[in-house]
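Here the structure is a predicted model, which means the values were calculated and not measured. Values below: all heavy atoms of this structure, side chains included; hydrogens, waters and symmetry mates excluded. Chain letters run A, B, ... following the sequence lines, proteins first and then strands; every chain starts at 1.
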There are 2 protein chains.
Amino acid sequence: MTPSPVRLLLADDHPVVRAGLRAVLETEPDFEVVADVPTAERAVELAAGGGFDVVLMDLQFGGRMLGSQATAAITARPDAPRVLVLTTYDTDADILAAIEAGATGYLLKDAPPEELAAAVRTAAAGKSALAPTIALRLMDRMRTPATALSRRETEVLQLVADGLSNAAISKRLFLSQATVKSHLVHIYAKLGVDSRTSAVAAATAQGLIRR
Amino acid sequence: MTPSPVRLLLADDHPVVRAGLRAVLETEPDFEVVADVPTAERAVELAAGGGFDVVLMDLQFGGRMLGSQATAAITARPDAPRVLVLTTYDTDADILAAIEAGATGYLLKDAPPEELAAAVRTAAAGKSALAPTIALRLMDRMRTPATALSRRETEVLQLVADGLSNAAISKRLFLSQATVKSHLVHIYAKLGVDSRTSAVAAATAQGLIRR
DNA sequence: CCCGGCATCAATCCTTCGGTTGATGCCGCA
DNA sequence: TGCGGCATCAACCGAAGGATTGATGCCGGG
């Protein structure tokens, strides 16, 4: 008998990557790449129509909707396909956002083809598929919660990285400057630094915030 | 008659991207993808052996040798193939490094297949092939030298981005703090900002420094 | 040859950032 | 139910960073 194949939807804004994924995945006899789309919006539309088992979703699209938002939109529906996030970078923020959005797995684009195929099968079976690097990262984060910034702290630090002053941040977030400073002090302690610029440097190095 | 095809070497550490480039380029009848390699070192070795017209070279490899170094090594030899740099990011520093290393062209990975093929043909003919975005960038830089940071200024700003204080920077570069501050003032003026953190933000946004 | 940009430094002033201490309310978990 | 983490705010103070002015030597291009 021929088992029913795994039906795939590819979403990535790079034509070359789409072609590469197609080439790599179609060598697997039990995979069928049904469609590939260049935007997150198209992915949501197509996925809503049904007919897919697994969606391979990039996180960074050239603007507009984020991959994590698209992931949330897709997984929110009943009888939704599994979403495998496939991205180049591995910032903590991205990983958590994807997982919270309901992604079944998280892979890096430099993964070898076998790993990729294995992850797709794992995802199709409904099981969680995390790249080894990612898994390690999450373990680390669990083990040392001291390093983990709170939601609010991350928010503040991101604005610092964007070049805002404490005054500007306090206005943006409807806080007093005292609160902003307080958050920063906690951030410094967690990151082991003693200035805003080095906090940004440390956080970007650890992938806690977006560049 | 059949014109002799353009013989290609692909260098990229992402298996998926290599497969994608192969898939995209092999649809062109006048292209022949002779080999693809996952490291810059292998690219230099193979290119040294001859037999290639154009090398498609990634800039970011997963460590060790940089694409720009490999580019320099390849173009340094007599009778070298043309090198087309193909990368995801477009920081000014990367672009200039690649061009100084002797790259014939510079493309972004999100380029559509037609653009890619056109660039390869242009490069094979020995002409310069720059992606529109990149060309614009260079024009901008030429037109407004005010925006261009001097070597020293870039050096200082990079250390600021790394989280160093003025005192630390002055020690690192064997300068007085006055000089560091002076550089910073010029940097602020050129970038149109008024603090170190926003200078870092602006510079990373414009790709003037590494993240 | 001289102008202009780059790199270097000094001295001043003052804004604001950073460190400290201390306090409150809320929520989740044990 | 009470502890601890998170988020919020206040007041204070010292210092680092930023603004300003001004000056020097070097080098390359017009």
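- Annotation: side chain of A/Glu28 is not in contact with side chain of A/Leu8 (no heavy-atom distance under 4.5 Å).
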Protein-nucleotides 24-30 of chain C N/O pairs under 3.5 Å:
none

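- Contact between the side-chain N/O atoms of A/Thr179 and the OP1/OP2 oxygens of D/dC9 is found at a separation under 4.0 Å.
- In this structure the side chain of A/Asp12 reaches within 4.5 angstrom of the side chain of A/Lys109, judged on heavy atoms.
- Rounded to whole Å, the distance from CG on B/Leu173 to P on C/dC9 is 10 Å.
- In this structure the side chain of A/Val24 never reaches within 4.5 angstrom of the side chain of A/Phe31, judged on heavy atoms.
- Considering only side-chain N and O atoms, B/His183 lies under 4.0 angstrom from the phosphate OP1 or OP2 of C/dT8.
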Apply the test side-chain contact (heavy atoms from CB on, under 4.5 Å) to residues A/Leu46 and A/Val34: give CA-CA distance (whole Å), side-chain angles for both, the deciding distance (0.1 Å), then the verdict. CA-CA 10 Å; A/Leu46 273 191; A/Val34 179; over 6 Å; no
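- With A/Pro81 as the fixed residue, the side-chain contact (heavy atoms from CB on, under 4.5 Å) test singles out one of A/Thr104, A/Ile74, A/Leu9: A/Ile74.
- Put simply, A/Ser150 has no side-chain N or O that comes within less than 4.0 Å of OP1 or OP2 on D/dG5.
- At a threshold of 4.5 Å between non-hydrogen side-chain atoms, the residues A/Leu157 and A/Val200 count as touching.
- Side chains of B/Leu159 and B/Leu173 form a contact here, defined as non-hydrogen atoms less than 4.5 Å apart.
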Nucleotides 17-20 of chain C: which of its N/O atoms have a protein N/O under 3.5 Å away?
| from | atom 1 | to | atom 2 | distance (Å) |
| --- | --- | --- | --- | --- |
| C/dG18 | OP1 | A/Arg196 | N | 3.1 |
| C/dG18 | OP2 | A/Arg196 | NH1 | 2.6 |
| C/dG18 | N7 | A/Lys181 | NZ | 3.3 |
| C/dG18 | O6 | A/Lys181 | NZ | 2.6 |
| C/dG19 | OP1 | A/Asp194 | O | 3.2 |

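- B/Arg172 has no carboxylate O lying under 4.0 Å from a charged side-chain N of B/Asp162, or vice versa, which leaves the two without a salt bridge.
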Start with the C-alpha gap between B/Leu21 and B/Leu86, add the side-chain angles, then the distance that decides, and say whether side-chain contact (heavy atoms from CB on, under 4.5 Å) holds. CA-CA 11 Å; B/Leu21 287 174; B/Leu86 183 70; 3.7 Å; yes
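- Regarding B/Ile187, its CD1 atom lies at a distance of 14 Å from the C1' atom of D/dG17, rounded to whole Å.
- Comparing the local axis fitted to the first five base pairs of the helix from C/dC1-D/dG30 to C/dA30-D/dT1 with the one fitted to its last five gives a bend of 50°, rounded to 10°.
- Atom CG of A/Leu175 and atom P of D/dT8 are 5 Å apart (whole Å).
- B/Arg151 has no side-chain polar atom (N or O) that falls below the 4.0 Å cut-off from OP1 or OP2 of C/dA7.
- Between the CD atom of B/Glu155 and the P atom of C/dC6 there is a distance of 15 Å, rounded to whole Å.
- Between B/Arg152 atom CZ and D/dC26 atom C1' there is a gap of 15 Å when expressed in whole angstrom units.
- Residues A/Asp13 and A/Thr39 are not in side-chain contact: their nearest non-hydrogen atoms beyond the backbone lie 4.5 Å or more apart.
- B/Thr179 and B/Ser176 are linked by a side-chain donor-acceptor pair at a separation below 3.5 angstrom, with hydrogens and angles left out of the test.
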